[in-house]
Asks: 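Okay, here's the structure, questions in a sec.
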2 protein chains.
Amino acid sequence: MSAQIAALLRRAILTGELEPGAQLVESALAISLGASRGPLREAMRQLVDEGLLVSVPYTGTRVVDISIQDINDIYAMRTCLEQFAFQQIWEQRDEAFKAELLLRNEALKAAIDQADDVGSIEAELDLHGLAYELAGNRILLNSWISLRGHLQMYWASHHRAHGMRGPKRESHDDYVRHALGPSLQAMQDELRDHMRRGLETTKAFVEARTQTKAEDS
Amino acid sequence: MSAQIAALLRRAILTGELEPGAQLVESALAISLGASRGPLREAMRQLVDEGLLVSVPYTGTRVVDISIQDINDIYAMRTCLEQFAFQQIWEQRDEAFKAELLLRNEALKAAIDQADDVGSIEAELDLHGLAYELAGNRILLNSWISLRGHLQMYWASHHRAHGMRGPKRESHDDYVRHALGPSLQAMQDELRDHMRRGLETTKAFVEARTQTKAEDS
DNA sequence: ACATTGAAGATTGTCAACAATAATATATCA
DNA sequence: TGATATATTATTGTTGACAATCTTCAATGT
C-alpha cells in the first residue's frame, strides 16, 4: 500500500501535477486515497528522503521548490557522472547498445512530434539514462535516478506553469553520434558542451521569467 | 522522536554494534527504546532509504550486508566524485583549507596512536570529507555522506568481527601533500592510486578471510 | 524416508483515536 | 490605532489494538 502511494505521489510530483511549494495535508490526502494516515506518512517520508518533498515538524510537508543554485549543482554532477558512465562502458559498447541508443533517440523525436511535452522530457531523460544503466554500478544508477527525478520535476512544473518548451527534435543527434563514435575524448567533450548548453537554456528561461514577473508587479 | 531514533540506530550500525545481517524486530526494539512502533518504523524506513537497512515485506528488516561488488562500485564512485570535488575547489584553496586539512590528518594520526580503530575510521573519512564539504555542491555532499556511511559500516563491522586493521599512520601523507601542492593533475593521479590501494587492501583482507573460512569447514 | 499439507507462531502492515505543537484570529489594553 | 496576550483552529506526532502475511514445524499420506 505505502509503496503504491509513494509511486502515485511521485508521479504526480514528477509530472508537475503537484506544483512546487504545494502543501500535502495528511488527513485530506489519506481520505482521497482511501487509505489511512499511517501508510501515507510512510510514503511521504520516503519522498522526503528522495528529496521530492520537504517537511517541517508540526507544520507540514510541501513539494520542494528547486532553486537555480540546485540546478547548477545538478548539471555539474550530471556532467561528472555521465562522463564517468561512458568511461565505464566505452569498451563494451556492442550492437545492442547502439540499437537501443538509436531507439531511444527515435522515441524522443516521436514524443516531440506529438507535441507531448511531459513525454518528451521523460524520453530525453531515458536517452541519457542508458549509459548509467549499462555501467553496472548500482550506486551510480541510484545517483542518476535521484538527479533525474529533480530535473523532471523542475522541467515539468515550469512547462505546466510557465510554458517552458520541451527539448528540440535534433537536440540529441550530436550526443548519439559521438556516443557511437570511436573517440571517448570526443564524447567527453560533447557531454561537457551538451550540459553547458542545457544549463544555459534552462537558466535563460528562468531569468526571462523572473524579469517578466518583475515587470508585472 | 523518530529523528533521534534514526540517529541512534545509524550510529549503532555505523560503529558495527549492529552487525550486517542482524534483524531488527520492531516490537522488541520499540520497547527497548521506550517508544512506540510508529516512530520506530519511520526511523527504520529512513535508514532503508539511506541504504543502511534492507526490508522485505511482512518478513523483517535487517542491516545490509555489503558485497565485494558493492565495495568495487563504491570505490569507483569515490574516485570519480573526489576527483570532481578537488577540481571544483582547486582554485579556491586558501590558508584555512590547508590548515584544516593538516588538522584532520593530525587527528587521524592521533586516533591511530591511541589504537582507537573506530575513531581512526571516522577520522580517515573526515579527512576525505573536507574536499566534498568545500565544493559547495549539496548533491555532491549528499552522495559522499551516503558512500561514507557504507564504507564506515563495512570497515567497522569487519574490524569488530574479523580483526581488520584500521588505516596506517602515514597512509594519507601523500594525499595531503598533493592536495596542498601546485598540480591538480598530480592530485587526480594520487587520488586514483590512493583509491586503488585502498580497494586492494580491502579486497585482500576479505579474500584472505573467505579462504580461512573455507579451511575451517 | 520423502514430499505435501495444514496449523501455529512470529512479524510486519493498517487503522482510528488521542496528544502535542504551530499558525491564525480575536480580544484587550495602552 | 497599534501592539500584545490569549483563545481557537488546523496540522502533525504518537499510541495501542487489530488485520494480513510469511515462516516454521509437525502431522499425514505415499
Side-chain angles (χ1 to χ4, degrees), chain A residues 1-14 16-67 142 149 153 157, chain B residues 1-14 16-67 149 153 157 217:
Chain A
M1 193 100 201
S2 115
Q4 297 172 34
I5 295 175
L8 201 86
L9 289 179
R10 193 182 297 112
R11 174 139 201 91
I13 295 168
L14 261 36
E17 192 180 330
L18 279 169
E19 289 183 21
Q23 182 169 4
L24 280 68
V25 176
E26 292 180 4
S27 49
L29 251 185
I31 293 172
S32 79
L33 293 175
S36 180
R37 273 182 61 210
L40 175 62
R41 271 178 77 87
E42 203 163 308
M44 284 169 71
R45 159 65 57 156
Q46 189 174 336
L47 296 181
V48 167
D49 291 331
E50 289 178 17
L52 262 43
L53 298 178
V54 55
S55 164
V56 17
Y58 288 106
T59 298
T61 112
R62 299 172 172 280
V63 179
V64 304
D65 205 347
I66 296 179
S67 70
N142 283 340
M153 166 175 50
S157 73
Chain B
M1 192 100 202
S2 111
Q4 298 172 34
I5 296 175
L8 201 88
L9 289 178
R10 191 183 298 110
R11 173 138 202 92
I13 295 168
L14 261 36
E17 192 179 328
L18 278 170
E19 290 184 20
Q23 182 168 5
L24 279 68
V25 177
E26 293 180 2
S27 49
L29 251 185
I31 292 172
S32 80
L33 292 176
S36 180
R37 272 183 62 210
L40 175 62
R41 271 177 77 87
E42 204 163 307
M44 285 170 73
R45 159 67 57 159
Q46 188 174 336
L47 297 181
V48 167
D49 291 331
E50 288 178 18
L52 263 44
L53 297 178
V54 55
S55 163
V56 18
Y58 288 106
T59 298
T61 110
R62 300 172 171 279
V63 179
V64 308
D65 205 345
I66 296 179
S67 70
M153 166 174 50
S157 72
S217 63

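As the structure is a computational prediction, the values presented were derived from the model and not from experiment.
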Asks: Considering every strand and a 4.0 Å limit on heavy-atom distances, what is the contact class for A:Leu29: base, sugar-phosphate, or nothing?
Replies: nothing
Asks: Quickly work out the A:Ile5 CD1 to C:dC15 C1' distance and round it to whole Å.
Replies: 12 Å
Asks: How far apart are the C-alpha atoms of A:Leu29 and A:Leu9, what are their side-chain angles, what is the distance that settles it, and do they pass the side chain to side chain contact (heavy atoms under 4.5 Å, CB included) test?
Replies: CA-CA 10 Å; A:Leu29 251 185; A:Leu9 289 179; 4.2 Å; yes
Asks: For residues 25-45 of chain B, which residue pairs qualify under side-chain hydrogen bond (donor to acceptor under 3.5 Å, both in side chains), counting only residues two or more places apart or in two chains?
Replies: A:Arg41-B:Glu42, A:Glu42-B:Arg41, A:Glu42-B:Arg45, A:Arg45-B:Glu42, A:Gln46-B:Arg45, B:Glu26-B:Arg37, B:Glu26-B:Arg41
Asks: To the nearest angstrom, how far is A:Glu42 atom CD from D:dT14 atom P?
Replies: 14 Å
Asks: Grab the CZ-P distance between B:Arg41 and C:dT11 for me, whole Å please.
Replies: 14 Å
Asks: Just how far, in rounded Å, is C1' of D:dT14 from CG of B:Leu33?
Replies: 15 Å
Asks: Mind checking A:Gly38 for me? I need base, sugar-phosphate or nothing, with any heavy atom below 4.0 Å counting as a touch.
Replies: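 The residue A:Gly38 makes no contact with any strand.
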Asks: May I ask you to decide if A:Gly21's main-chain N or O and A:Arg62's side chain share a donor-acceptor pair within less than 3.5 Å?
Replies: yes
Asks: So which of B:Leu24, B:Ile31, B:Leu33 actually passes side-chain contact (heavy atoms from CB on, under 4.5 Å) with B:Leu40?
Replies: B:Leu33
Asks: Tell me which nucleotide among C:dC15, D:dT15, C:dA22 gets nearest to the side chain of A:Tyr58.
Replies: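 Given the options C:dC15, D:dT15, C:dA22, the side chain of A:Tyr58 is closest to C:dA22.
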Asks: Taking the minimum atom-to-atom distance to the side chain of A:Thr59, which one of D:dT15, C:dA23, D:dT11 wins?
Replies: C:dA23
Asks: Would you mind reading off the distance between B:Arg62 atom CZ and C:dT11 atom P, rounded to a whole angstrom?
Replies: 10 Å
Asks: Nearest heavy atom decides the nucleotide; on that basis, is A:Ser36 or A:Val56 closer to the 5' end of DNA chain C?
Replies: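 In this pair, the answer is A:Ser36.
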Asks: Grab the CD-C1' distance between B:Glu26 and D:dT15 for me, whole Å please.
Replies: 14 Å
Asks: Describe the nucleic acid contact of A:Leu40 in one word from base, sugar-phosphate, nothing, applying a heavy-atom distance below 4.0 Å.
Replies: nothing
Asks: Rounded to the nearest angstrom, tell me the gap between atom CE in A:Met1 and atom C1' in D:dC18.
Replies: 17 Å
Asks: Under the criterion side chain to side chain contact (heavy atoms under 4.5 Å, CB included), I'd like the reasoning laid out for A:Arg10 against A:Leu47: C-alpha separation, chi angles, the key distance, then a yes or no.
Replies: CA-CA 7 Å; A:Arg10 193 182 297 112; A:Leu47 296 181; 3.9 Å; yes
Asks: For A:Ile31 and D:dA10, give me the distance from atom CD1 to atom P, rounded to whole Å.
Replies: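 Spelled out: CD1 on A:Ile31 to P on D:dA10 is 14 Å.
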Asks: Tell me which nucleotide among C:dT14, C:dT11, D:dT15 gets nearest to the side chain of B:Pro39.
Replies: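 Shortest atom-to-atom distance from the side chain points to D:dT15.
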Asks: Can you tell me which nucleotide in D:dT15, C:dT21, C:dT14 comes closest to the side chain of B:Arg37?
Replies: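 Looking only at heavy atoms from C-beta outward on B:Arg37, the closest nucleotide is C:dT14.
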